[in-house]
Each structure stands twice: as C-alpha cells, then as structure tokens.
Amino acid sequence: MMTSNPNSVQDPMVVILGPTASGKTGLAVKLARYFDLEVISADSRQIYRGMDIGTAKPTAEERHAVAHHLIDMVDPHEKFSAADFEEQGTRIAYDINSRNKLPVLVGGTGLYIKALTEGLLAAPSGHSEYREKLKNLEVESGEGTLYQALCKVDPPLAARLFPKDVIRIIRGLEVFAQTGKRLSAFQEEHGFRKSEFRTLKLGIHVERESLYDRIDRRVENMVREGLIEETQSLLDQGCSLSHPAIQAIGYRECLSYLNEKMLLSEVIDTIQRETRRYAKRQMTWFRKDKSVIWLESLKDFDRILALIENFILMTEMK
RNA sequence: GGAGGGGUUCCCGAGUGGCCAAAGGGAGCAGACUGUAAAUCUGCCGUCGAAGACUUCGGAGGUUCGAAUCCUCCCCCCUCCA
C-alpha cells in the first residue's frame, strides 16, 4: 500500500515527460550538471532486464553520471504493474528527498507518471489465470459476452467502455469479483485527487516532422546495434508473446523476423511506423494534462534551468 | 508479332448498368485511457458544405433515362507462345 508522507509538507518532484525519442534522458543528464538530482524512470519497458537496445535505456555512462531508479527491476517473464510502479516510485522519491536531492521523474509512460503524481485507486490487482479464463470465455461464448457481464455488474463502467475493449472490461469484472464493489465506484471515490508530491511538469516539445525523423534514425540504430540478437536472448530465457515485455514495439517485429515471417527491411519499416504511432498516442495523453509546461530542450534550456531553480526555491521557503 | 490477364479514391484490394464517393484492410489525422499502458479501444478519412452540390475508378470518344461497370480506339503493366 501507499507509503505515507513522512514530512508535513509535500516533497517536490520534477517531471520530464514527452514522446519517445524526444530527448528526455539526455535532458535529465544535462540537468544533473546543475542540480543535485536523481532520476526515476517512468518507462513501462525499461523496467525489464535484458531489454536494453529496444527500449533505448540510458547508457552505462549516463547511469554512471546520474543515479537512475526503476530500470532493470524485473525479468521479462515477470509481471510489473502501474501499482508496483506507484509504490516503489513513491518510496524512492521520498528517499531521494530525504537525502536532500531532487527526484526527477523522466519518462513517456503516461499512466505511470499519473500513478506516481496523482495516485491509483485502491483496488486489488488481477490474477493472470482469472484474466486468461475470462479471455477464453469471450472466445468460446462469442464477442460481447464479457461486455454483457460487465453491464450487469457495473453499468456505469460499461456505459463508458466499448464492447471490444476487452482489457478494460476484464479489469472491471475482476475488481468486482474480488471486492464485490464496482470499479466505477472506486474510480469515483479516488478521482485522482491524491497528490503526494508537489510537481513541476516539463514537457519536451519536438516538431512532429523532426521527431519522426529521429525515430526513424533511432530504429535503424537499434537494429544495427543488435535488437534482433537481444530478442533472441529473450526467447532463450523462455520469453514468449504472452509476456507483456516482448509485446513491446521492436521485439515483436524481431520475433517475426526470427520466425521468418518478416524480412529485415519490413522489420525496420514496421518498427519505425509503430513507434511513430506510439509517439502520437503519447502526445495525445500528455496534451490533456494542462499542468505541463511545454518547452524545447535546446532552445529553452535556460528557461528550464530557471523554472527548476524557482521550483526548488519555493520548496525551501516552506 | 500472337494469346491471355490487368490498370479503382495515399497504398493494398473488392466492386461488372442504378441501392457507388465506391466493401474491406493498411497508412494518416484526431480522441479515450485508474493495477496488461510500447498494451487496449474509439471516431474521421474526395472537395465544399446545414440539407445538398461538385469532381473521381488509365486516356479519349460512344451506347443508355442512368456507366467504375457495356462498346470503340489509344496508352501503360504482367504472364505465356513466337
């Protein structure tokens, strides 16, 4: 469960967010030359050990220059959830503050950032066997079966979901099955009103054309640096498509290549396209958050420094 | 040179006289998102627009009340025979 705030005032936390390949890591490392900070990575795939190239993890030098947390936490066949992230991230952020350093949350996983800055509702996590069972039911009894079940159990939630959104439907069903309480009721009570930290959210803006260009080049590099081999080693460890880790963009395409279902050129094209689409979804998520201050990391660097300085000052005055 | 097959909206691809601005898929754009989130899902998608109008199915003609669909000629692509 939640670690409670040991201090009477809210601890500060800087958040650096933005789409993939926007240069978040680079900026954080650069900022470390000016501030005594430690990075908490908010990236749902850098959590996994052995997935270095495909997730563009910070390099050894970067990690040597600045402490990075919540990278390499579990093996690719293990599970890790937004709630795990919230719990561990909160603990780490408090710890960094207690050592009089500045925690900087850096990443592109919108839900993880939200979980850490605004909390998650207090419902239990699901069991994969139960989820598997429900998924099978949908296949055996036909599309819409789960949705109809949800309509009976949690009508307000069902009204907000589409019948094909099986993952969210399953979540609603499993919460009710375990607690006897509607997920929609949990949501209403929670409402993201918790704020353990006082945050300064900086969004990295990159013109779309140039972002897409950076993505294309990054993907070419990943393949050149051995993304295929990295995927193979995940397979050697017993990883399969059923694990969320290998469902990450890049790995699934390499898997197709290893299964001879794709040519290398298709692999590169597909990863580039999927990454662009992912970046778009990230931007949609982040755009909605009106507390984000959007900046260009090079052009506005001085302003970024000033914003953080001011943010720290306000903390000390409290 | 001969015999077939084909050219459809950004791409792939269905459509053989009206119900076709044209199925479906992809891409693109926009959006949703509370314990799978690099996941999952939704909307729009020729142009202008309220209705409706206008321009599209290789090109040019023709038949017809009416053509992406039928006929003629032309251009291009593919396969086979020489």
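In what follows, every chain begins at residue 1, and chains take the letters A, B, ... in the order their sequences are listed. Values below: every heavy atom of this structure, side chains too, minus hydrogens, waters and symmetry copies.
- For A/R208, a side-chain nitrogen or oxygen approaches OP1 or OP2 of B/C29 to under 4.0 Å.
- Comparing the same atom, P, in B/U9 and in B/G62 gives a spacing of 25 Å after rounding to whole Å.
- Nucleotide B/G4 has B/C78 as its partner under the Watson-Crick or G-U criteria, with both atom distances under 3.5 Å.
- For B/C29, the paired base is B/G43 (Watson-Crick or G-U wobble, both distances below 3.5 Å).
- B/C33 atom C1' lies 12 Å from atom CG of A/L120, rounded to whole Å.
- Side-chain atoms of A/I249 lie closest to B/A39 of the nucleotides B/A32, B/A39, B/G35.
- Checked against a 6.0 Å centroid threshold, the rings of A/Y34 and A/F301 count as neighbours.
- When heavy atoms are screened at a 4.0 angstrom cut-off, A/Y112 is found touching the sugar-phosphate backbone but no base atom.
- Using a 4.0 Å heavy-atom cutoff across all strands shown, A/R281 reaches at least one base atom of the nucleic acid.
- Using a 4.0 Å cut-off between a side-chain N of Lys or Arg and a carboxylate O of Asp or Glu, A/R49 and A/D75 qualify as a salt bridge.
- One can place CD of A/E188 at 14 Å from P of B/U34, the figure rounded to the nearest angstrom.
- The pairing partner recorded for B/C19 is none, the criterion being a Watson-Crick or G-U wobble arrangement whose two distances lie under 3.5 angstrom.
- Using a 4.0 Å heavy-atom distance criterion, A/G54 is classed as a base contact.
- When the P atom is used for both B/C20 and B/G26, the distance is 22 Å, rounded to whole Å.
- Base contact: A/R171 has a heavy atom under 4.0 Å from a base atom.
- Among the protein residues, A/K280 comes within range of the nucleic acid bases, having at least one heavy atom under 4.0 Å from a base atom.
- Taking atom CZ of residue A/R273 and atom P of nucleotide B/C10, one finds them 19 Å apart after rounding to whole Å.
- Contacts of A/T20 with the nucleic acid, taken as non-hydrogen atoms under 4.0 Å apart, are absent.
- The distance between atom CG of A/L157 and atom P of B/C33, rounded to the nearest whole Å, is 12 Å.
- Side-chain nitrogen and oxygen atoms of A/R160 include none within less than 4.0 Å of the OP1 or OP2 phosphate oxygen of B/A32.
- As judged by a 4.0 angstrom heavy-atom cut-off over every strand, A/Y212 is placed among residues touching the sugar-phosphate backbone only.
- Between A/A56 and A/H190, the residue anchored nearer the 5' end of RNA chain B, judged by the nucleotide with its closest heavy atom, is A/H190.
- No salt bridge links A/D43 with A/K24; every basic N to acidic carboxylate O contact stays at or beyond 4.0 Å.
- A/Y278 and A/Q282 form a side-chain donor-acceptor contact under 3.5 Å, judged by distance and modelled atom types alone.
- For the P atoms, the distance linking B/C44 with B/U55 amounts to 26 Å, nearest Å.
- Checking the phosphate oxygens (OP1, OP2) of B/U34, a side-chain nitrogen or oxygen of A/Q187 falls inside 4.0 Å.
- Rounded to whole angstrom, the span from the OH atom of A/Y278 across to the P atom of B/C33 amounts to 17 Å.
- Separation of the C1' atoms belonging to B/A23 and B/C70 is 23 Å when rounded to the nearest angstrom.
- Across B/A22 and B/C45, the matching C1' atoms stand 14 Å from one another, rounded to whole Å.
- Across all strands shown, A/G191 has heavy atoms under 4.0 Å from base atoms, whether or not it also approaches the sugar-phosphate.
- No option in A/L116, A/I40, A/T117 other than A/L116 meets the side chain to side chain contact (heavy atoms under 4.5 Å, CB included) test with A/T90.
- The phosphate of B/U36 has neither OP1 nor OP2 within less than 4.0 Å of any side-chain N or O from A/S81.
- To the nearest angstrom, P of B/A39 lies 10 Å from CD of A/Q282.
- For B/U36, neither phosphate oxygen OP1 nor OP2 lies less than 4.0 angstrom from any side-chain nitrogen or oxygen of A/K79.
- Between the side chain of A/Q178 and the backbone N or O of A/P124 there is no donor-acceptor pair closer than 3.5 Å.
- Side-chain atoms of A/L111 lie closest to B/A37 of the nucleotides B/A37, B/U42, B/G28.
- Residue contacts shown for A/D43 include a base, since a base heavy atom lies under 4.0 Å away.
- Comparing B/G35, B/A27, B/A37 by their nearest atom to the side chain of A/S125 picks out B/G35.
- The base-pairing partner of B/G66, taking Watson-Crick or G-U wobble contacts with both distances under 3.5 Å, does not exist among the strands shown.
- With both ends at atom C1', the span from B/A3 to B/U64 equals 32 Å, rounded to whole Å.
- Within the structure, a side-chain polar atom (N or O) of A/R252 is placed less than 4.0 Å from OP1 or OP2 of B/A39.
- One finds a side-chain N or O of A/R168 lying less than 4.0 angstrom from the OP1 or OP2 phosphate oxygen of B/U34.
- Comparing the P positions of B/G4 and B/C73 gives a spacing of 14 Å, expressed to the nearest Å.
- If you check B/G24 for Watson-Crick or wobble pairing at under 3.5 angstrom, you find it paired to B/C12.
- The closest side-chain donor-acceptor pair between A/T20 and A/R218 falls under 3.5 angstrom.
- To the nearest angstrom, P of B/C41 lies 13 Å from CG of A/L146.
- Heavy-atom neighbours of A/E188 CD from other residues, nucleotides or ligands within 6.0 Å: at or below the threshold of 12.
- Within 4.0 Å (heavy atoms only), A/R131 reaches at least one base atom of the nucleic acid.
- Under a 4.0 Å N-O distance rule, the pair A/D95/A/R91 does not qualify as a salt bridge.
- Within the nucleic acid shown, A/F192 comes within 4.0 Å of at least one base atom, counting heavy atoms only.
- One interatomic measurement links the two molecules: CD1 of A/I113 to C1' of B/C33, which rounds to 14 Å at whole-angstrom precision.
- Listed nucleotides B/G28, B/A37, B/G31 differ in distance to A/R287; the shortest reach to its side chain belongs to B/G31.
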